[in-house]
Amino acid sequence: MLNLDKIREDFPILNRNVNGKPLVYFDNAATSQTPQQVIDVIVEYYSKYNANIHRGVHTLSQEATDLYEQARIKIQKHFNAKHSHEIIMTSGTTHSINLVANGFSSLLKKGDEVIVSALEHHSNIVPWQMLCERTGAILKVIPMNEQGELILSDYDALLSEQTQLVFVNHISNALGTINPIKTIIEKAHQVGAAVLVDGAQSCPHIVPDVQALDVDFYVASAHKMCGPTGVGMLYGKEAWLNKLPPYQGGGEMIAEVTFEKTTYADLPHKFEAGTPNICGGIAFGAALDYMNAIGFQAIASYEQELLDYATAQLNAIDGLKIYGSSSHKASVISFNIESIHPYDIGTILDKMGIAVRTGHHCAQPIMDFYKIPGTVRASFAFYNTKDEIDVFVSAVKKAKMMLS
Ligand SMILES: *Cc1c(COP(=O)(O)O)cnc(C)c1O
């Protein structure tokens with residue numbers, strides 16, 4: 001059981017009003033809110049430790065380095081990676097995916113095949129399309145069904161000796177579908193293909209165990225799990241990270257530089273060119289501490305309650321259609337009402353202090369599948385309440401009345 005009163009006190013932003021109404025923040029799939037405990041770590045960093053890391057002889061630099069490397073170890077432990085150097089600090093999911101896609105440019109040849117799913121965020125589509133353009137590899141797509149689930153029998157048919165890579169999200173940001181990634185990974189490995197899992201939407205709700213999953217690459221963003229924006233991580237199996245060439249050149253990622261030849265630093269620094277988001281990395285670690293102290297089991301079961309409660313109430317509204325009805329679903333509800341434009345509903349909800357997202361949610365192929373321009377998306381976090389859902393549902397009814 002979560003102590004909601006206590007949890008809500010941790011999030012100062014939940015006290016503010018928007019357009020004269022108490023904020024109801026249901027845009028958690030776009031970014032989560034930040035608890036005071038993480039804000040304090042950010043303030044403390046700039047008040048006490050701010051220095052560049054890794055090369056400093058002075059005390060501040062050493063302290064900042066220690067904090068940053070401790071954060072890496074927190075991330076390693078959280079995801080159960082075997083080695084801390086298998087955790088590459090990045091600016092987020094998008095950066096992590098581009099790093100891997102760029103690295104595979106030198107490993108793929110014309111005619112090789114890579115497989116994406118129909119449920120992906122643009123971040124997990126476009127870098128691979130660019131990779132295919134560079135290498136002549138062929139992009140294949142695992143199709144989805146009306147419920148918003150991947151069709152695994154079609155996936156079986158796509159896999160072959162030519163398949164080099166499969167990339168799929170753990171949870172869809174647009175529909176909330178939880179994909180059977182363990183099965184997807186096992187099947188890919190049977191043909192010798194590597195798998196990258198986009199965990200941007202799963203990490204706020206569940207704890208992925210990268211060793212148990214036997215996943216080759218797993219990526220996430222801190223800002224969707226109570227951390228700051230502009231920081232995230234790439235987990236990669238040591239053997240893969242050693243095989244991939246560096247992504248960016250610069251300081252920090254080198255062992256030795258001369259004008260004749262440069263040798264690269266060992267993992268993880270080989271992939272960490274330039275001064276990173278030091279404070280962000282440390283705050284990412286603090287966000288993991290915060291969420292782990294609450295407990296992911298409790299978070300997931302409470303969010304399931306919120307999802308069921310909201311789904312039942314929204315389904316009772318005439319003309320409202322929810323997209324994505326997988327039995328394995330995270331706390332995301334995408335919907336439309338008759339032919340009302342999602343943007344118009346979102347605008348009216350905002351007038352009532354309610355933050356939802358409208359549009360294609362960076363997943364245009366899913367919208368094309370349903371032949372719609374977009375949806376209204378409400379996404380819940382563990383600090384949301386049933387009372388807020390009541391406010392939201394009556395606001396949706398009001399919006400419907402005003403617009404139809
Ligand atoms: C948010 C999101 C991304 C992109 O994350 P950034 O932090 O913007 O890089 C990628 N994939 C999914 C599934 C997402 O939800």
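In listed order, ligands and their atoms are each counted from 1.
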Item to check | Residue H83 excluded, over 12 heavy atoms near NE2 under 6.0 Å | outcome: yes
Checklist entry - Has the side chain of D112 got a donor or acceptor atom that lies under 3.5 Å from a matching backbone atom of K109? => result yes
Checklist entry - Is it true that a side-chain atom of K329 and a backbone atom of G324 form a donor plus acceptor pair closer than 3.5 Å? => result yes
Next on the checklist: Would the distance check show the side chain of S61 and the main-chain N or O of A51 forming a donor-acceptor pair, the cut-off being under 3.5 Å?
Outcome noted: no
Item to check | For S123, the option from T94, N98, D198, N173 that meets side chain to side chain donor-acceptor pair (under 3.5 Å) | outcome: T94
Next on the checklist: Within the supplied structure, the quantity of interest is the number of heavy atoms (other residues, nucleotides, ligands) at a distance under 6.0 Å from K82 NZ; does it exceed 12?
Outcome noted: no
Next on the checklist: Just to be sure I understand the cut-off, which residues have at least one non-hydrogen atom under 4.0 angstrom from an atom of ligand 1?
Outcome noted: T93, T94, H121, S123, N173, D198, A200, Q201, S221, H223, K224
